[in-house]
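Worksheet for the structure shown next.
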Amino acid sequence: MSHERKRVVVAGNPNAGKTSLFNALTGSNARTGNYPGITVDRRTGTLAIGSRSVELIDVPGTYALTARSAEEQVAIDEILPNDRVGPDAALFVADAGALSRHLYLATQILESGLPTLLCLNMIDEARALGTRIDTDAMSRELGVPVVAVSARTGEGLPALKDALDRLLEAPSSSTIELALDDTLRERLSTLEKVIDEVWPAPRGFDGKRRDARRAALARWAFLSIGDDELTNVPVALRTAVLQADREDASSATDVPLDERLVTARYAIVDRVVAASVTKADKTTRASERIDAVLTHPVWGLGAFAVVMAALFQALFAWSEPLVGAIETAVAWLQDLARSALPEGPLAELIADGVIAGVGNVVVFVPQIALLSLFIVVLEDSGYLARVAFVIDRVMRGVGLHGRAFVPLLSGFACAVPAVMATRTIESRRDRLVTMLALPLMSCSARLPVYALVVAIVFPPGTRTSIGLEAGAIALLAMYALSVTATLAAAAVMKRTVLKGAPPALLLELPPYRLPQITNVLRTVADRTWQFLANAGTMIAAITIVLWALLSFPRDEVREAALDARAEVASAIASEGERDEALTAIDHERAEARMENSLGGRFGRVMEPAIEPLGFDWKIGIGLLASFAAREVLVGTLGIVYGVGGEADETNDTLRERLRAARRDDGSVLFTPLTGVSLMVFFVLAAQCMSTLAAVKRESGTWRWPLFMLVYMNVLAYVASLIVYQGGRLLGFV
Ligand code: GDP
Ligand code: MG
């Protein structure tokens with residue numbers, strides 16, 4: 001390679017298309033979304049331009065360099081690092097259709113002296129709306145190269161690479177100058193002196209570049225540092241900023257100085273836009289008419305309810321044939337294993353443990369894939385942002401930030417990334433509230449549990465009076481419960497342990513966009529694969545451990561007696577009678593083993609505690625195992641009921657075996673009431689090690705994850721108790 005490797009940071013406002021561009025340039029497959037706040041961590045990739053290899057860094061979008069939230073901090077550390085050289089250049093991505101808003105941050109980066117290439121993305125969309133941009137004029141005004149591109153269609157990408165190559169070959173900084181008055185200048189120069197002491201320019205920064213860096217850091221400090229939670233600020237700098245009075249007694253106007261700094265930047269933005277952008281004066285766009293309905297306080301919520309109901313009905317109906325096919329395949333594999341392997345513990349382990357366990361996870365792939373498909377399509381089309389807008393009113397009532405919506409929604413997929421997504425929330429208290437409430441959102445690991453229970457107690461074809469499947473309604477009800485519980489928990493925390501002022505909304509409505517098929521498929525594949533990879537390995541391990549726990553120790557005397565009876569039975573002449581007798585003995589043996597096993601004894605011990613919730617000791621074993629990961633319940637029930645199950649092939653699927661399960665007194669175990677009680681428990685309980693670990697990492701202490709563990713499980717226990725006992729009082733069984 002003829003050049004040293006250069007680092008280029010991809011900066012811009014949220015939803016400017018940075019990640020799309022990053023992916024288009026590096027061939028990487030980071031996640032994009034038509035929603036502000038999707039990228040919360042930085043990510044790097046390599047771009048080859050001729051013989052030059054450039055390292056691109058994708059950072060979270062920010063509206064301005066003020067570092068109020070953790071994600072802004074990540075971006076600022078990359079753009080304006082104070083302790084090292086930092087990137088060689090910035091690739092600033094702006095939405096060509098919303099330049100007045102996007103260029104503000106651009107001016108901040110240009111001021112810092114960082115060589116910058118301005119990229120006007122989504123030019124396809126801007127053009128379609130009649131916006132024309134003179135990139136040459138804009139380039140003259142700002143003193144940096146400007147290219148128009150579309151990350152979606154690939155238009156302009158070669159020109160962008162050329163321009164970046166030239167910029168890296170001969171780095172040059174922007175020529176913009178802020179028009180600042182004397183008082184402001186003087187205050188800032190005091191801060192510049194402190195900057196020189198606390199954050200001296202790294203080697204390699206000389207002359208103009210060093211001055212620009214110093215000025216930019218001083219302005220950043222002046223706007224951002226207060227007595228708030230901004231960490232990593234040297235004491236000397238904080239003191240200097242606090243002393244630099246933001247009022248200006250000598251001036252006739254009483255506009256505070258920091259506001260004047262912001263105004264000076266907007267003056268540049270306005271000038272640039274006036275010189276280079278012409279907008280067609282189109283009458284009300286279709287999207288505005290649609291928004292009038294979808295963001296309406298009443299119609300908007302109504303539309304949302306309809307969309308959700310349709311979604312769950314489809315989820316239920318479309319996955320059914322696939323689920324059936326997978327179940328058949330698993331049963332076939334089990335038979336194959338049983339007949340191919342010599343009878344004994346190994347065959348049992350493979351057929352009843354491994355194949356059944358993994359099969360019981362794979363069976364939920366159709367539903368998980370469909371659910372993530374629906375969510376991605378809703379998100380990419382821009383509809384979710386409308387929902388956020390409508391929901392914001394509800395959220396406000398609760399005391400949550402509008403920005404909490406994304407994390408909460410991601411909670412439907414998995415709480416771990418959702419906890420990370422709370423970084424977009426500025427106030428630490430609001431962030432904690434969101435983080436601690438969102439594990440109540442029904443993540444995809446709960447879906448297999450609901451789906452299994454629903455399949456047992458509300459078999460497909462059970463229609464309700466309004467014509468919807470009873471199963472679909474039960475499923476929808478669980479999701480509704482989970483959302484309600486989340487909001488209620490947040491409201492309570494916001495008023496008790498984490499009291500704080502109501503937050504302001506900072507959310508923009510992105511334009512409606514056609515979902516991009518590659519992005520949709522990639523996300524669906526990603527999520528499904530994550531589920532399979534995590535659940536698969538976990539299930540395999542737990543399956544083996546559980547199988548052992550439920551099979552040993554054995555009562556040797558009883559085993560010997562059963563062996564003797566089996567010998568007698570195998571001498572029976574009539575084939576039908578012989579098989580029947582042998583099956584009965586196998587059945588008895590399985591039950592005996594489970595009762596005598598360690599797991600069985602443990603389950604018995606804890607049975608009194610969960611009996612009031614309608615659960616027997618076998619479900620108890622499942623509950624215990626599911627604290628490793630929820631979806632493990634499915635595999636565990638497969639084992640627990642698998643060992644005692646009939647070998648009859650018409651009765652071979654897990655759900656059929658569970659439907660046939662009886663309590664010790666002979667009554668049906670999985671009545672609709674037990675099923676609902678079990679689902680409610682799963683909606684509310686904290687049963688995921690990874691989530692607890694994530695909350696620990698993001699909150700920096702064990703206090704909050706422990707708090708979460710306790711409050712959620714108490715809630716789950718009490719709610720299931722109320723459901724089961726209340727249901728019985730009302731006459732359900
Ligand atoms: P980021 O928040 O800046 O990383 O933005 P994303 O890359 O996640 O993109 C935001 C949305 O804009 C997504 O729905 C993209 O599909 C869409 N998008 C990105 N680039 C383009 C483009 O050039 N044209 C159009 N029409 N849409 C784009
Ligand atoms: Mg992004």
Side-chain angles (χ1 to χ4, degrees), residues 9-45 56-64 69 71-72 74-75 78-79 90-99 101-103 105-106 109 118-131 133 147-160 285 287 375-386 388 403 406 409-410 417 421 423-424 506-523 526:
V9 58
V10 183
N13 286 19
N15 227 25
K18 295 177 299 300
T19 302
S20 304
L21 190 66
F22 175 86
N23 287 349
L25 289 174
T26 62
S28 139
N29 52 11
R31 172 130 199 268
T32 65
N34 190 11
Y35 201 101
I38 293 288
T39 311
V40 288
D41 249 331
R42 65 185 206 93
R43 201 186 327 253
T44 62
L56 282 189
I57 306 152
D58 183 27
V59 297
T62 61
Y63 294 98
S69 62
E71 74 169 348
E72 283 189 1
V74 173
E78 278 307 328
I79 298 164
L91 174 59
F92 189 88
V93 186
D95 177 350
L99 285 172
R101 183 152 37 84
H102 285 235
L103 287 183
L105 176 62
I109 293 173
L118 178 56
C119 165
L120 310 181
N121 190 28
M122 311 200 189
I123 194 67
D124 53 329
E125 209 171 82
R127 200 182 294 128
L129 290 173
T131 303
I133 301 168
V147 283
V149 309
S150 163
R152 180 166 287 196
T153 65
E155 173 186 349
L157 294 187
L160 183 147
R285 289 189 282 155
S287 93
I375 292 186
V376 190
V377 168
L378 290 186
E379 180 182 291
D380 265 14
S381 65
Y383 177 61
L384 276 193
R386 271 74 193 175
R403 281 196 184 181
V406 197
L409 195 90
S410 327
R423 291 181 184 181
T424 52
L506 214 183
L507 195 80
E508 52 180 312
L509 287 186
Y512 288 104
R513 296 192 171 112
L514 214 56
Q516 233 179 332
I517 187 83
T518 47
N519 186 43
V520 169
L521 294 182
R522 194 157 56 204
T523 314
D526 259 16

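In this text the structure is predicted, and so the values were computed from the model without any measurement. The residues of the chain are indexed from 1 along the displayed sequence. Counting starts at 1 for both ligands and their atoms, in listed order.
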[X]-ligand 1 polar pair, N/O distance under 3.5 Å:
X	result
G17	yes
A151	yes
K18	yes
V149	no

Next item on the list: Please state whether A16 comes within less than 4.0 angstrom of ligand 1, counting heavy atoms only.
Entry: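 The answer is yes, since A16 has a heavy atom less than 4.0 Å from ligand 1.
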
Notebook entry, point to check: Near Q516, which atoms of ligand 1 are under 4.0 Å from a heavy atom of that residue?
Noted result: 16 (O)

Notebook entry, point to check: With a cut-off of 4.0 Å, which atoms of ligand 1 are near a heavy atom of S150?
Noted result: 22 (C), 23 (O), 24 (N)

Next item on the list: Of all the heavy-atom pairs spanning A24 and L157, show the shortest one and how long it is.
Entry: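 For A24 and L157, the tightest heavy-atom pair comes out as CB-CD1, 3.9 Å.
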
Next item on the list: Taking all non-hydrogen atoms of both residues into account, name the closest pair between K18 and V59 and its distance.
Entry: CE-O, 3.7 Å

Margin query: Please check: side-chain N/O of D95 versus main-chain N/O of N15, any donor-acceptor pairing under 3.5 Å?
Written below: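 The answer is no, because no donor-acceptor pair under 3.5 Å joins these two groups.
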
Next item on the list: Could you tell me whether a side-chain N or O of N121 sits under 3.5 Å from a main-chain N or O of V93, the two making a donor and an acceptor?
Entry: no

Next item on the list: Output yes when E125 and R513 qualify as a salt bridge under the 4.0 Å nitrogen-oxygen rule, no when they do not.
Entry: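 Here E125 pairs with R513 in a salt bridge, since their nearest N and O are under 4.0 Å apart.
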
Next item on the list: Return the option from T19, D124, N15, V59 holding the heavy atom at the smallest distance from atom 10 (C) of ligand 1.
Entry: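 Going through T19, D124, N15, V59 one by one, N15 has the nearest heavy atom to atom 10 (C) of ligand 1.
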
Check: In Å, rounded to the nearest 0.5 Å, how long is the span from CZ of R152 to CG of L21?
Finding: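 Reported to 0.5 Å precision, the distance equals 13.0 Å.
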
Item checked: Straight-line distance of L118 CG to L99 CG, nearest 0.5 Å ->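 Nearest 0.5 Å value for the CG-CG distance: 7.5 Å.
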
Notebook entry, point to check: When you look for heavy atoms under 4.0 Å from ligand 1, do you find them on the side chain of E125, its backbone, both, or neither?
Noted result: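 Within the 4.0 Å criterion, E125 contacts ligand 1 through side-chain atoms alone.
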
